[in-house]
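Worksheet for the structure shown next.
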Amino acid sequence: MARMKFLCDAERCIECNGCVTACKNENDIPWGVNRRRVVTINDGNHGERSISVACMHCSDAPCATVCPVDCFYTTNDGVVLHDKDICIGCGYCFYACPFGAPQFPDSGAFGSRGKMDKCTFCAGGPEQNNSVEEHRKYGANRLAQGKLPLCAEMCATKALLAGDGDRVSDIFRERVMYRGAGALQWGWGVAYDKQGIKG
Amino acid sequence: MKSFRFWIFLVGLSCLPLAGLFFGTQALAETTAPAAINNPNPGIELWQAVRGKLDSPTATQVRGHDSSVLVNPQGELWMSIRNSRLIPQGGQALLVVLLIILGVYAVRGPVKLASGESGRQVDRHSVNSRIIHWLVAGLFVILGITGLFLLLGRPLLIPVIGKTAFSVIAAASKEVHNILGPLFPFALIFMFVNLVRRNLYEKGDLAWVAKGGGMLGGGHVSAGMFNAGEKILFWSTIFLGIGISVTGYVLDFPNIASWVLATSTEFTQYRHVMGYAHVIHSVIAVLFIALAFGHIFLATLFVPGTLSSMTSGKVDSNWAKEHHDRWYEEIRNKSSGDNADP
Ligand code: HEM
Ligand code: SF4
Ligand code: SF4
């Protein structure tokens, strides 16, 4: 059985936010909710790197263990999904998640948190696959159509990889082998043989 | 003699590997090590920055308190405290308190009036006092029950009524708790103003505590309008109330620190700040609810005749004489001044 994984290659991501846009469009995500975000480290400095992040579909997911109404479930593909009919929008999953993945649209009295929304690995929710109802609540269900998440498919530099964890790590391992010396040795310091210069 | 030489030979033979070790290390020390490849791993800094451990400038287009931190491991502490301390131990603590109360009731039984009821009623609590008391109590019971649903519902209720039904209860609990919670400190302020004068330290309070309120040593315990136990209840309510309200506001309004302080530096409500606020809130809640169990038990089952002071506002004069003798003297002097029948 496949175990779905995302991987973002920090040496390739160019912070174009194409994945963010693809995700918003494919899943019809409301304003203010970002299932995926690109974070740039050392912004504007030497050694700048960008990484795209969304729900990492953890095994033994922290969000699921703290949810007071126990609304998470893990699919056979290892994708962590939740049931919005049961979610009460308490925000506990957001406190527990290390990646800041759960998102909350404003709703309810006095703009309190609405039901949680997060990356579904383009795998929809508990409703009938690709039904109108499923799309309204969770967005696309590309996995049921035999496709992979659109963010990764749209990534122009193929920095963002999505799919079976074994295949993804094979691809990344091959890249690292070609680059030589370590996962990140690809910058001009190596190209011009300036040892000691990072990146 | 021959065998002696054989043994020398054998010992020498077994020392040979040691000699090899000696010359070997000498040889190693002589050959110069190949020049270290000066190839620091730039990944170290990157992955530390990813965890928000370096002050490297980070940027993202998503707005939020810490949306530019890629990996925030601080939720793990909160998660483990809530899952393996607050929920099991909080629940057990409340159960233990209930059992202790049952035990005390079984052993000491209700504290009946030695002289029976006189049938004569004296005024104890004004209408204002009673309204304020039931405002605090009503909010407290609603907040406590809705809060406990959120804390203990998953282990206790979901196995019984299922997820769908529990979700309805939990959603309502969250909404009610979030809306009524912010009113609680105001009720508390009314109560403080109303009762603080009667809850200051008086002579005799220490003696009351030393005798365990009459439970220890026997003999009569003298008390004023409120005995030392009630004063402890009052001040605990005030301080626990302040703690639960401050942390409650932090949880309810995730931007309140920025509004109040007009800054967003140390007091920004990052995830770990919310986590700490939540843990403190829940610990106080359990203590507060345990205290309330004790208070309700004493005011209803354990000391009959007390409850009417908060319903009709009146108590039996013998109740006043036996439980609050100094207060009884006080009101008798006052009313005799008015020429009224005591
Ligand atoms: C008077 C007594 C109160 C009691 C006994 C109480 C009890 C609790 C309990 C047990 C929880 C659940 C913790 C969990 O599920 O892990 C909770 C959560 C919470 N309380 Fe209170 N609380 C009280 C007052 C307040 C006040 C005054 C406020 C606000 C000003 C407040 C705001 C909150 C908030 C925002 C939460 C989080 C619930 C959520 O996000 O859905 N509480 N409280
Ligand atoms: S929401 Fe967060 S904790 Fe839950 S599976 Fe996704 S990354 Fe893991
Ligand atoms: S916000 Fe929803 S999914 Fe997250 S912990 Fe609360 S009830 Fe569960």
Side-chain angles (χ1 to χ4, degrees), chain A residues 8 10 15 17 20 32 34 36-45 47-51 53 56 62-63 65-71 83 85-100 103 108-110 112-113 115 181-185 187 189-190 195-199, chain B residues 37-47 49-51 54 56-64 66-76 78-80 82-83 87 149-154 158 163-164 166-175 178-179 251-252 254 271-272 274-275 278:
Chain A
C8 183
E15 197 202 355
N17 279 290
V20 177
N34 290 276
R36 177 169 284 289
R37 68 190 194 280
V38 177
V39 177
T40 304
I41 286 159
N42 257 326
D43 190 27
N45 290 350
E48 173 180 315
R49 289 286 184 290
S50 296
I51 296 179
V53 69
M56 298 297 262
C63 53
T65 69
V66 298
C67 176
V69 292
D70 198 9
C71 76
D83 187 340
D85 291 342
I86 291 181
C87 170
I88 61 168
C90 65
Y92 290 179
C93 48
F94 177 73
Y95 298 161
C97 171
F99 304 103
Q103 301 282 307
F110 306 115
S112 67
R113 291 184 195 105
K115 292 181 188 291
L184 297 156
Q185 289 294 56
V190 168
Q195 290 194 336
I197 289 177
K198 297 164 191 173
Chain B
I37 303 170
N38 184 13
N39 207 356
N41 183 359
I44 295 171
E45 275 191 14
L46 175 66
W47 297 115
V50 159
R51 296 186 140 241
L54 300 178
S56 44
T58 51
T60 179
Q61 304 200 347
V62 173
R63 276 193 272 162
D66 56 356
S67 59
S68 66
V69 177
L70 274 161
V71 179
N72 179 346
Q74 280 163 325
E76 194 183 2
W78 173 78
M79 175 180 81
S80 59
R82 181 168 191 272
N83 286 356
I87 291 179
F149 273 138
L150 293 176
L151 188 66
L152 302 175
R154 178 166 167 176
I158 289 181
K163 287 187 192 179
T164 317
F166 178 65
S167 167
V168 177
I169 297 177
S173 296
K174 178 201 122 174
E175 233 32 271
N178 282 354
I179 291 169
L251 290 168
D252 232 346
R271 262 174 274 170
H272 65 279
M274 301 295 272
H278 175 277

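Hydrogens, waters and symmetry mates play no part in the numbers below; they use all other heavy atoms, side chains included. To find a chain, count down the sequence lines: A is the first, B the second, and so on, and within it residues start at 1.
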With rounding to the nearest 0.5 angstrom, report the [atom1] to [atom2] distance, [X] to [Y].
X        : Y        : atom1 : atom2 : answer
Ile51(A) : Leu70(B) : CD1   : CG    : 5.5 Å
Thr58(B) : Arg49(A) : OG1   : CZ    : 15.5 Å
Cys97(A) : Met79(B) : SG    : CE    : 11.0 Å

Problem - Region of Val69(B) that comes under 4.5 Å of a non-hydrogen atom in chain A - result: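 For Val69(B), the backbone is the part near chain A, not the side chain.
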Exercise for the section: Would you mind checking which part of Ile158(B) comes under 4.5 Å of any heavy atom in chain A, side chain (CB onward), backbone (N, CA, C, O), both or neither? Expected result: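 For Ile158(B), the side chain is the part near chain A, not the backbone.
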Is the shortest side-chain heavy-atom distance between [X] and [Y] below 4.5 Å?
X        : Y         : value
Phe94(A) : Met274(B) : no
Val50(B) : Ile41(A)  : yes
Val20(A) : Gln61(B)  : no
Asp85(A) : Ser167(B) : no
Arg51(B) : Pro98(A)  : no

Which atoms of [X] approach chain B - backbone, side chain, both or neither, heavy atom under 4.5 Å:
X        : result
Asn45(A) : side chain
Val38(A) : backbone
Asn17(A) : side chain

Problem - Under 3.5 Å donor-acceptor, Arg37(A) side chain and Ser67(B) backbone - result: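 Confirmed, Arg37(A) side chain pairs with Ser67(B) backbone.
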Handout entry: Any donor-acceptor N/O pair, Lys174(B) side chain to Ile88(A) backbone, under 3.5 Å
Key =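 Yes: the side chain of Lys174(B) pairs with the backbone of Ile88(A).
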Practice task
Mind listing the closest non-hydrogen atom pair of Arg154(B) and Thr65(A) along with its distance?
Solution key: NH1-O, 3.5 Å
Problem - Among His272(B), Glu76(B), Lys163(B), Arg271(B), residue most engaged with chain A (heavy-atom pairs, under 4.5 Å) - result: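 Most heavy-atom pairs under 4.5 Å with chain A: Arg271(B).
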Exercise for the section: Report the residues that fulfil ring pair (Phe, Tyr, Trp, His ring centres under 6.0 Å) with Tyr95(A), sequence neighbours left out, ordered by chain and then residue number. Expected result: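 Testing Tyr95(A) for ring pair (Phe, Tyr, Trp, His ring centres under 6.0 Å), a comparison that skips the adjacent residues, returns Trp78(B).
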